[in-house]
Student: 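Submitted below is the structure of interest, expressed as structure tokens.
Excluded from the calculations below are hydrogen atoms, water molecules and symmetry mates; all remaining heavy atoms, backbone and side chain alike, are included.
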Amino acid sequence: MARKAGIRAARGGRPSRAEALRLRERILIAATELFLAEGYGSTTIEAVAARAGISKRTFYDRFDDKAALFAAVVHRIIDEIRPPPNVPLIEGAALPAILRRLAGFMLHAALTPQAIALHRLVSAESARFPELVRAVTSDGSTREGIMLISDLLARKLRRSKLSAEDRAFAAQQFIYMVVTLPQRRAMGFGAPMTPAELEPWADRVVALFLHGCRGMGA
């Protein structure tokens, strides 16, 4: 039976689900390496197929075009840098401590080499290829973060007068406050922040953010 199964596979039989997933992962690994090293415009489907060891037909059986491939690469990178599902994000009673933990997770994710390389790629080529921005924004991870923080504020700041719109706006600003400057400095806009600088940075962002939220709810 095993020999017959091997013969069917060799003749181009339908791959198993596990084989299909391994093949997709191989394509995504090859595409990630090329996109981040060569850029979006310089990476071709032919180059991805060659690096992955597949035919172009095999590629197009799985992805519609280069934009769809890039979107899948973005999703894969974000999945790799986000906290594992079993890591508690919002446990605890004190809002400052919860926000401080979230800030730490965000900084860790935003400052990984892959995140920095992806951000640099999108910044450099988005004017020529608007699909890059669409791929990043359509992933939904930022929206998830905004909803998480907004819901947290609704529970922990019950006495404030923050509307749902205010909470969503505040949550978005919190993410920008935590990530933007450290990430820009990691990209070369100034000296990269050291671990000794990032610790007080996160503390001060949380303090400023909560001060602003309480002012909005006054």
Student: Indicate, with yes or no, if Ile146 and Phe105 share a hydrophobic cluster defined by side-chain heavy-atom contacts under 4.5 Å among Ile, Leu, Val, Met, Phe, Trp and Tyr.
Tutor: yes
Student: Heavy-atom distance under 4.5 Å between the side chains of Ile78 and Val136, does that happen here?
Tutor: no
Student: Would you mind telling me which of Glu46, Glu38, Glu33 makes a salt bridge (charged side-chain N to carboxylate O under 4.0 Å, His left out) with Arg51?
Tutor: Glu33
Student: List the steps and the verdict of side-chain contact (heavy atoms from CB on, under 4.5 Å) for Leu69 and Asp64.
Tutor: CA-CA 8 Å; Leu69 175 65; Asp64 291 338; over 6 Å; no
Student: What class does the angle between the rings of Phe70 and Tyr40 fall in, given that below 30° is parallel, 30 to 60° is tilted and above 60° is perpendicular?
Tutor: perpendicular
Student: Given side chains that start at C-beta, do those of Ile54 and Val48 come closer than 4.5 Å, heavy atoms only?
Tutor: no
Student: Do Asp166 and Ser163 come close enough that some side-chain heavy atom pair is under 4.5 Å?
Tutor: yes
Student: How about CZ on Arg26, more than 12 heavy atoms from neighbouring residues, nucleotides or ligands closer than 6.0 Å, or not?
Tutor: yes
Student: Would you say Leu102 and Leu152 make side-chain contact, with heavy atoms under 4.5 Å?
Tutor: yes
Student: Quick check on the hydrophobic clustering: are Leu95 and Leu208 connected, directly or via other members, by side-chain heavy-atom contacts under 4.5 Å?
Tutor: yes
Student: Does Glu131 pair with Lys66 as a salt bridge, N-O distance under 4.0 Å?
Tutor: no
Student: Hey, are Arg204 and Glu199 close enough for a salt bridge, meaning a charged N less than 4.0 Å from a carboxylate O?
Tutor: no
Student: Taking Leu36 as the starting point, is it possible to reach Met187 by hopping between hydrophobic residues whose side chains are less than 4.5 Å apart?
Tutor: no
Student: Would you mind reporting whether Leu23 and Arg62 have side-chain heavy atoms less than 4.5 Å apart?
Tutor: yes
Student: Surrounding CE of Met147 (heavy atoms of other residues, nucleotides or ligands, distance under 6.0 Å), is the total greater than 12?
Tutor: no
Student: Honestly curious: do Phe189 and Met177 fall in one hydrophobic cluster under the side-chain, below-4.5 Å linking rule?
Tutor: yes
Student: With no hydrogens and no angle check, do the side chains of Asp61 and Thr58 hold a donor and an acceptor under 3.5 Å apart?
Tutor: no
Student: Please walk me through it: do Glu144 and Arg82 pass salt bridge (Lys or Arg N to Asp or Glu O under 4.0 Å)?
Tutor: CA-CA 12 Å; Glu144 290 176 14; Arg82 72 195 313 169; 2.6 Å; yes
Student: Is the backbone of Asp151 close enough, under 3.5 Å, to the side chain of Arg167 for a donor and an acceptor to pair up by distance?
Tutor: no
Student: If we check side-chain contact (heavy atoms from CB on, under 4.5 Å) with Gln183, which of these qualifies: Thr180, Leu181, Val179?
Tutor: Val179
Student: Please check if Phe63 and Phe129 belong to a single hydrophobic cluster, counting links between Ile, Leu, Val, Met, Phe, Trp and Tyr side chain heavy atoms closer than 4.5 Å.
Tutor: yes
